[in-house]
Amino acid sequence: MAGSSIDPRVRLSIELALTGTGASPSLLARQEEAGRAIGMTGAEMDVARRGSSFDFSASIAVSLALNACRETRQRALRAGLSEETCAEIERIARAIRTPTT
C-alpha cells in the first residue's frame with residue numbers, strides 16, 4: 001500500500017498473527033522469505049504467529065489487528081498509535097480475513 005504509515009516489520013507481524021501456522025506451505029514460505037528480507041529473525045516471526053511481538057508498538061498493533069474493538073483501539077491510542085494508523089491496521093486485518101478469490 002503506497003503511503004503506508006505502518007513499518008514493514010509491523011505489517012508483516014500483523015499478517016503472521018492473522019494467518020498463524022495454519023496457512024498454506026507456500027504462504028508460510030513467502031512470509032518467511034519476506035521476514036528475512038526485512039531482517040526479522042525466526043524467533044520474531046514465531047512470536048508474531050502466536051499473536052505477539054518483542055516490540056511494544058508492534059505488539060499493540062498485532063493486538064488491534066486480532067481483536068479490532070473499541071477497547072483494543074483505545075489501548076492502541078493510549079500507547080501512541082494514531083487514529084490513522086489504527087484505521088490502517090483494521091483495514092489490513094479485514095483484507096487478510098476476507099481474501100479475494
Please report the shortest heavy-atom distance between [X] and [Y], naming the atom on each side.
{"X": "A79", "Y": "F56", "answer": "CB-CE2, 3.8 Å"}
{"X": "V47", "Y": "S53", "answer": "CG1-N, 3.5 Å"}
{"X": "V62", "Y": "S52", "answer": "CG1-N, 4.0 Å"}
{"X": "L64", "Y": "A76", "answer": "CD2-CB, 4.3 Å"}
{"X": "C86", "Y": "L81", "answer": "SG-CB, 4.0 Å"}
{"X": "L18", "Y": "A93", "answer": "CD1-CA, 3.5 Å"}

Subject >> A68 backbone acceptor or donor facing E90 side chain under 3.5 Å >> reply: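 Looks like no, no N/O pair under 3.5 Å.
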
Original post:
For A58, does its backbone N or O pair with a side-chain atom of R9 as donor and acceptor, under 3.5 Å?
Top reply: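 Checking the backbone N and O of A58 against the side chain of R9, no donor-acceptor pair under 3.5 Å is found.
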
**OP:** Report whether V10 and F54 are members of the same hydrophobic cluster (ILVMFWY, side-chain heavy atoms less than 4.5 Å apart, transitive linking).
**Re:**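 No, V10 does not connect to F54 through the hydrophobic network.
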
Original post:
Do L27 and I96 share a hydrophobic cluster (ILVMFWY, side-chain heavy atoms under 4.5 Å, transitive)?
Top reply: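 Different hydrophobic clusters.
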
Subject >> Charged N-O contact under 4.0 Å between E71 and R75 >> reply: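 Salt bridge between E71 and R75, a charged N being under 4.0 Å from a carboxylate O: yes.
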
Calculate, to the nearest 0.5 Å, the distance between atoms [atom1] and [atom2] belonging to [X] and [Y] respectively.
{"X": "M40", "Y": "D46", "atom1": "CE", "atom2": "CG", "result": "9.5 Å"}
{"X": "R97", "Y": "I92", "atom1": "CZ", "atom2": "CD1", "result": "12.0 Å"}
{"X": "I6", "Y": "L12", "atom1": "CD1", "atom2": "CG", "result": "12.0 Å"}
{"X": "I89", "Y": "S82", "atom1": "CD1", "atom2": "OG", "result": "8.5 Å"}
{"X": "R70", "Y": "Q74", "atom1": "CZ", "atom2": "CD", "result": "6.5 Å"}
{"X": "L16", "Y": "R50", "atom1": "CG", "atom2": "CZ", "result": "11.5 Å"}

**OP:** Step by step, work out the side chain to side chain contact (heavy atoms under 4.5 Å, CB included) result for M45 and Q31.
**Re:** CA-CA 9 Å; M45 289 184 270; Q31 290 172 332; 6.0 Å; no

Subject >> R36 and E32: CA distance, side-chain angles, deciding distance, salt bridge (charged side-chain N to carboxylate O under 4.0 Å, His left out) verdict >> reply: CA-CA 6 Å; R36 298 264 183 237; E32 187 85 17; 2.9 Å; yes

Subject >> Minimum side-chain heavy-atom gap D55-E44 below 4.5 Å >> reply: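 Counting from C-beta outward, D55 and E44 never come under 4.5 Å.
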
Original post:
Side chains of S63 and T72: do they bring a donor and an acceptor to under 3.5 Å?
Top reply: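 No, no side-chain donor-acceptor contact under 3.5 Å.
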
